Peer 1: 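Supplied in structure tokens, the structure appears directly below.
Remember, it's 1-based here, ligands and their atoms both numbered in the order they're listed. All values derive from a computational prediction rather than experimental measurement.
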Amino acid sequence: MRIRSSEITPEHVYRSRSRRQFLKAGMLAAGSALLAACGPRSTPAPTPAAAGASPAPGGPAAGLTDELGDPATPFDVVTNYNNYYEFTTDKAGVAPLARDFQTDPWTVEVGGLVRNPQTFGLEDLLKAFPTEDRLYRLRCVEGWSMVVPWQGFSLADLLQRVEPTADARYVAFTALFAPDRLPGQSSPWYDWPYSEGLRIDEALNPLTTLATGVYGQPLPPQNGAPVRLVVPWKYGFKSIKAIVRIDLVAEQPKTLWNTAAPQEYGFYSNVNPAVDHPRWSQATERRLGDLGRRKTLPFNGYADQVAGLYAGMDLRANY
Ligand SMILES: Nc1nc2c(c(=O)[nH]1)N[C@H]1C(S)=C(S)[C@@H](COP(=O)(O)O)O[C@H]1N2
Ligand SMILES: [Mo]
């Protein structure tokens, strides 16, 4: 069996395994991709949600299309094909492993270079920041993508509330560290907990979202419950799940992927079809559910809203 380059996936695999195991993993990945996209439904049907947002389980997402005319990826795919290394590197295996993950109670501490540090319980977040429907493309660095109907609010609203000081230049995000509940955190390959970062102007862009729901219901554990970041113009790994800390900082923060493989995953990680990953092209992507590949758009199709953030920067050097 020949492995199509479209199915070459987990970033971690080549680092730790022999070539034979790599090929085997590739075939497994190919199998689970098919299963997620076309296979029988393996989870209970979602509860009815707000009108319009409720999907026909397993079917097309009731007429929901993004501003490019692309249909929303079906609920079953969004919630059964996941990257979440705290559980497993097997995308189809995350949902079953995460099913009983407890996310209540949950707090998010927001601090660092701010005048008004605050700890929010999840209920506080939901009360303070009304959520809205946000249908965004998510483009994974591995070369697949989907269109996800999130519910969330702009991170900028939260940051304004804590009053960043003038020397706050970056925002650092930290996910939950709980090896007893997150089996993947026994992997020595990664610098746990999962961490990410943005420049403060990126963090303040209205597209940058804290999501608490998907398809009109609370985020399921596999999608990053109870609160995760969504940065639609950057590769998916920037969209950190299960956030427990947000810190305003002066220096560019370290991030899990940049620490693991700096030559492959830069701090910026803007979707850029002109800059290939060292091990594969980024020119095209496979939209989950499609057979062929499509061209990847600069900034994942959000250039008109974010390209200005990078005026004068060399986007090859700042990958
Ligand atoms: N905490 C945490 N956040 C994470 C990841 C992860 O492994 N752990 N994977 C990232 C990657 S690589 C992608 S593509 C997206 C996938 O989000 P989804 O499963 O909701 O589609 O989550 C990102 N956020
Ligand atoms: Mo990803």
Peer 1: Which ligand 1 atoms are under 4.0 Å away from a heavy-atom of Ile240?
Peer 2: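 Those qualifying, in numeric order: 3 (N), 24 (N).
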Peer 1: Taking ring-ring contact (aromatic ring centres under 6.0 Å, His included) as the cut-off, I'd like each qualifying pair that reaches into residues 165-185, sequence neighbours left out, listed once.
Peer 2: Tyr170-Phe267
Peer 1: Pick one: which of Tyr190, Tyr194, Trp189 meets ring-ring contact (aromatic ring centres under 6.0 Å, His included) with Trp192?
Peer 2: Tyr190
Peer 1: Name the option, out of Tyr84, Tyr194, Tyr85, that contains the heavy atom nearest to atom 10 (C) of ligand 1.
Peer 2: Tyr194
Peer 1: Is the shortest distance from a heavy atom of Ser239 to ligand 1 less than 4.0 Å?
Peer 2: yes
Peer 1: When the ring planes of His277 and Trp280 are compared, do they come out parallel, tilted or perpendicular, using 30° and 60° as the limits?
Peer 2: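 Rings of His277 and Trp280: parallel, as their planes differ by under 30°.
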Peer 1: With a 4.0 Å cut-off on N to O distance, would you call Glu142 and Lys91 a salt bridge?
Peer 2: yes
Peer 1: Could you list which atoms of ligand 1 come closer than 4.0 Å to a heavy atom of Cys140?
Peer 2: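 The list of qualifying atoms is 14 (S).
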Peer 1: Looking only at N/O atoms, are Asn223 and ligand 1 under 3.5 Å apart anywhere?
Peer 2: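 The answer is yes, given that Asn223 and ligand 1 share an N or O pair closer than 3.5 Å.
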Peer 1: Is it the case that ligand 1 has an N or O less than 3.5 angstrom from some N or O of Asn82?
Peer 2: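 Indeed, backbone or side chain, Asn82 has an N or O that close.
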Peer 1: Is the shortest side-chain N to carboxylate O distance from Lys295 to Glu285 below 4.0 Å?
Peer 2: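 Between Glu285 and Lys295 there is no salt bridge, as every charged N stays at least 4.0 Å from the carboxylate O atoms.
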Peer 1: Hydrophobic clustering (ILVMFWY, side-chain heavy atoms < 4.5 Å, transitive) - are Leu207 and Phe129 grouped together?
Peer 2: yes
Peer 1: Can you tell me if Met146 has a non-hydrogen atom under 4.0 Å from ligand 1?
Peer 2: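 Distance cut 4.0 Å: Met146 passes for ligand 1.
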Peer 1: Could you pull out, from Lys241, Arg228, Glu86, Glu142, the option with a heavy atom nearest to atom 8 (N) of ligand 1?
Peer 2: Glu86
